[in-house]
There are 2 protein chains.
Amino acid sequence: MTHQPSEHTGAPPGYDPRAFPPFAVTVDLAVLTVRAARLQVLLVRRGEDPHRGAWALPGGFVRPDESAGAAARRELAEETGLSDSTVRHLHLEQLRTYSEPDRDPRMRVVSVAYAALLPDLPEPRGGGDAAHARWTPREHAAPLAFDHERILADAHERVSAKLEYTCLATGFCPAEFTLGELRQVYETVWGVPLDPPNFRRKVLATPGFVEAVEGPPRRTGGRGKPAALYRAGPASVLHPPLLRPEGRRP
Amino acid sequence: MTHQPSEHTGAPPGYDPRAFPPFAVTVDLAVLTVRAARLQVLLVRRGEDPHRGAWALPGGFVRPDESAGAAARRELAEETGLSDSTVRHLHLEQLRTYSEPDRDPRMRVVSVAYAALLPDLPEPRGGGDAAHARWTPREHAAPLAFDHERILADAHERVSAKLEYTCLATGFCPAEFTLGELRQVYETVWGVPLDPPNFRRKVLATPGFVEAVEGPPRRTGGRGKPAALYRAGPASVLHPPLLRPEGRRP
DNA sequence: ACAAAAGTGTTCCATCTACACCCATGG
DNA sequence: CCATGGGTGTAGATGGAACACTTTTGT
């Protein structure tokens, strides 16, 4: 960052940055949620060429006076209709930057991709221009415009990995949740069933992961015994990690 | 990426991208190696303001016809004098993108940061303009220009984490190495001593991590019993992971 | 002979896995 | 009264930590 134009070899000495063919910088968002026991992603339908009519990840230009992270939050608020204060507090995970010169035939576009985790929400009531936004099950999110399938795959993999060693899973849950709901987040994102007793022990053994809600209020997901409610705790990393049951040795 | 200028809300309808205040896109490189049992980083001395005379990470502009990754490899070859084919094959890890609007007072610069791992090399014989490049112990790499200390910290943390569950450590080693040298990579990057017998077992138990070199040639790091030589194996991930001895419960 | 590093073996202990079992609720 | 999910208990397997011990070199 912040290199003198004449520093090193990227630009000839005395180079004027304004003469450079401009790079456009955009953000793309993989907004994920768990709805109806499925991992779902927020998609928008493109209204312009190229890929007019195709589904794509939401996103847009970074403005001259904002960081890429701020642009991602702004776009997220606009696409979902969530309040600014809600969007301001939720976790945005920068995935990586896609910069192949031929990604867009019309101009040079560099895009910073983010993943966002939301609890189950009503259908997006997009403010204004985002009425075309829709939750789509992750496995049906194809084909997508540009290389958005790749970005979505990267987002899924990153979130899956981060569930193992961070408290990120609570980001998919409402303010108060049962351990069964939390477990379903793991099962849905990873696509594997987990043993409820062991999951419970693991979560409660990790200090700061969840906190019991004081009052004895209980809630049920359908039928069965009512479950105790928990809140997200202050911890951000899991010690020890909660590993997905892959890599079993036969 | 690749958003239509009039798509969504990042730009007004009918917007012409060429009228946008241009973003410059650069790459910054945290080039790491293990020399003399220390983690060292390649630094260059800035020849221009701002931060003239300060040490900084190497880097430079992304050209209009290359991806950020290609720019990083080009800069790396120029700074180190390594051959193109060598640079083409080594592992470049994209860290993240830094895009705060005020990083550079002169213009808007978005930088994609990479980490690169090199085996111990002679002092950089920088081709041409990079004669001012120097290996510096990681703990002495301060102060640095701009937010390069932050980038270096991110690189160190990312590499430390990836050593746990990938075969990245062989990237710090020459083509043939002893298990003692491989262990020293871990100890140096993590800054903790490891138990040699347990380390040995762990590495050999991971299929594809290392391969024994056929001939019975042996080499010594100094004195002591000569050690068998190994090559990097075909695996890229470690199952199970080789965790650093942090997070012990007292 | 001694130091230093390679390499082998073994014991102890934390944790994970897998189930058996009881509890509370809705149909 | 039975299906369903919450919650507790426990025995066996697994794998890492710690450390004793032998081997092979340089000085």
Side-chain angles (χ1 to χ4, degrees), chain A residues 34 36-37 163-165 173 176-188 190 192-207 209-213 215-230 238-250, chain B residues 36-37 163-165 173 176-188 190 192-207 209-210 212-213 215-230 238-250:
Chain A
V34 174
L163 288 191
E164 291 189 325
Y165 59 95
C173 296
E176 299 188 340
F177 51 87
T178 68
L179 294 186
E181 291 164 351
L182 185 64
R183 178 169 45 82
Q184 199 168 70
V185 166
Y186 278 88
E187 292 178 329
T188 301
W190 288 348
V192 295
L194 297 179
D195 184 74
N198 293 337
F199 179 83
R200 171 188 189 77
R201 259 187 297 266
K202 202 83 170 67
V203 170
L204 295 180
T206 304
F209 191 2
V210 297
E211 297 174 337
V213 169
R218 324 195 130 222
R219 201 176 64 182
T220 175
R223 52 195 169 291
K225 179 179 175 178
L229 286 180
Y230 293 86
L238 259 49
H239 270 299
L242 209 161
L243 300 172
R244 37 194 157 165
E246 310 290 322
R248 286 285 152 274
R249 204 169 320 259
Chain B
L163 288 192
E164 290 189 326
Y165 60 96
C173 296
E176 299 188 341
F177 51 87
T178 69
L179 294 185
E181 291 165 351
L182 185 64
R183 177 169 46 80
Q184 200 170 69
V185 166
Y186 279 88
E187 292 178 329
T188 303
W190 288 347
V192 296
L194 298 178
D195 184 72
N198 293 335
F199 179 82
R200 172 189 188 78
R201 259 187 296 269
K202 204 82 170 67
V203 170
L204 295 181
T206 303
F209 191 2
V210 297
V213 169
R218 323 193 132 222
R219 200 176 65 182
T220 175
R223 54 194 167 293
K225 179 178 176 178
L229 286 180
Y230 294 86
L238 261 47
H239 270 299
L242 210 161
L243 300 171
R244 38 193 157 165
E246 310 291 323
R248 286 287 152 271
R249 202 170 322 258

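Because the structure is predicted, anything quoted here is derived from the model rather than measured. Naming convention: chains lettered A, B, ... in sequence-line order (proteins, then strands); numbering from 1 in each chain.
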**Message:** Between C1' on dT14(D) and NE2 on H239(B), what's the gap in Å once rounded to a whole number?
**Reply:** 16 Å

**Asked** For K225(B) and dA4(C), is the shortest distance between a side-chain N/O and OP1 or OP2 below 4.0 Å?
**Response** no

**Prompt:** What integer distance in Å separates R183(B):CZ from dA5(C):C1'?
**Reply:** 8 Å

**Message:** With a 4.0 Å cutoff (strictly under), does any side-chain N or O of R223(B) reach OP1 or OP2 of dA5(C)?
**Reply:** no

**Item:** Below 4.0 Å: OP1/OP2 of dG16(D) and any side-chain N or O of R201(B)
**Value:** no

**Message:** Quick check: on DNA chain D, is the nucleotide nearest P241(B) upstream (toward 5') of the one nearest L204(A), or the reverse? Name the residue that is more 5'.
**Reply:** L204(A)

**Prompt:** Among D195(B), L242(B), L238(B), which one satisfies side-chain contact (heavy atoms from CB on, under 4.5 Å) with K202(B)?
**Reply:** L242(B)

**Request:** Examine distances only and state if a side-chain atom of Y186(A) and a backbone atom of L163(A) form a donor-acceptor pair shorter than 3.5 Å.
**Result:** yes

**Item:** Audit row: F209(B), L182(B), side chain to side chain contact (heavy atoms under 4.5 Å, CB included) steps and yes/no
**Value:** CA-CA 11 Å; F209(B) 191 2; L182(B) 185 64; 4.2 Å; yes

**Message:** Please pick, from dC19(C), dG7(C), dA18(D), the nucleotide with the shortest atom-to-atom distance to any side-chain atom of A228(B).
**Reply:** dG7(C)

**Request:** Can you sort out the partners of Q184(B) under side-chain hydrogen bond (donor to acceptor under 3.5 Å, both in side chains), two or more places apart, ordered by chain and number?
**Result:** none

**Request:** Send over the distance from L179(A) CG to dG7(D) P, rounded to a whole Å.
**Result:** 6 Å

**Complete:** Of dA18(D), dC19(C), dT24(D), the nucleotide closest to the side chain of D195(B) is dA18(D)

**Asked** For N198(B) and dT11(C), what is the distance between atoms CG and C1' respectively, to the nearest whole Å?
**Response** 12 Å

**Item:** Candidates dT24(D), dA6(C), dG9(C) - which lies nearest the side chain of P197(B)
**Value:** dG9(C)

**Item:** Rounded distance in Å - NZ (K202(B)) to C1' (dG7(C))
**Value:** 18 Å

**Asked** Could you state the CZ-P distance from R200(A) to dT17(C), rounded to the nearest angstrom?
**Response** 18 Å

**Message:** What is the distance, to the nearest angstrom, from the CD atom on Q184(A) to the C1' atom on dG5(D)?
**Reply:** 12 Å

